[in-house]
Structures are given as structure tokens and as C-alpha cells.
Amino acid sequence: ILSIRENDNKKALGFFLRAYSVDKSRGNDKRILKLLDKIIEMYTTLGDKDNADGYSLEKEELIKKKGLKSGEKDKGVGG
């Protein structure tokens, strides 16, 4: 069962990474922040601290760049 759950997490991570790539190319920063939260969560769940830390740093840089507050929610995006 753990193997199936891990595989599902990897599959979900793949979807989040693809959506992140698309939204990043479009400059959709608020959606990117939500996706980064999910990506960080997936890497953490999978035990990949290096990638979780890397995406956390990217999230913080985006927050600083856009002058957003950490944890700010976008009301228009489901999640």
C-alpha cells in the first residue's frame, strides 16, 4: 500500500510541476504560489528535502519580488 501511495504522490507531483511550468511561462504569480505550496508538500511527503527546500526558496523569492505577504491567498483559484 505504501508503494501505491508513493506512486500516487509522484504522479500528483508530476501534474503540479507541469502546471507550475505553464503558469510560470504565463506569469500567473498568485497561481504559481499555490502550486509551489503543493509542490513543496509533495516533495516533503516523498522525503525529498533538497527539492522541497529549493522550491521553498523560490516561493520566498517570488513573494519578495511581488511584495506579497507569505501565505496570502488568491480568492480566484481553487485549492
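Hydrogens, waters and symmetry mates are skipped; everything else that's a heavy atom, side chains included, is used. What you are looking at is a predicted structure, and each value in this text was computed from that prediction instead of being measured.
Applying the ring pair (Phe, Tyr, Trp, His ring centres under 6.0 Å) criterion to Phe16, with sequence neighbours excluded, gives no partner residue. Looking at residues two or more places apart in sequence or on another chain, you find a side chain to side chain contact (heavy atoms under 4.5 Å, CB included) between Asp53 and Lys49.
Two residues are said to be in side-chain contact when any heavy atoms from C-beta on lie closer than 4.5 Å; Tyr55 and Leu17 meet this criterion. Looking only at side-chain heavy atoms (C-beta outward), Val22 and Arg18 stay at 4.5 Å or farther from each other.
We find the CD1-CG distance between Ile40 and Leu35 to be 10.5 Å, quoted to the nearest 0.5 Å. With values rounded to the nearest 0.5 angstrom, Lys24 atom NZ is found 10.0 Å from Asp29 atom CG. For the atom pair OG1 (Thr45) and NZ (Lys10), the distance works out to 12.5 Å, reported to the nearest 0.5 Å. Rounded to the nearest 0.5 Å, atoms CG (Leu36) and CG (Asp23) are 10.0 Å apart. Interatomic distance, Leu62 CG to Ile32 CD1, rounded to the nearest 0.5 Å: 6.0 Å. Interatomic distance, CG of Asp8 versus CG of Leu13, reported as 12.5 Å (0.5 Å rounding).
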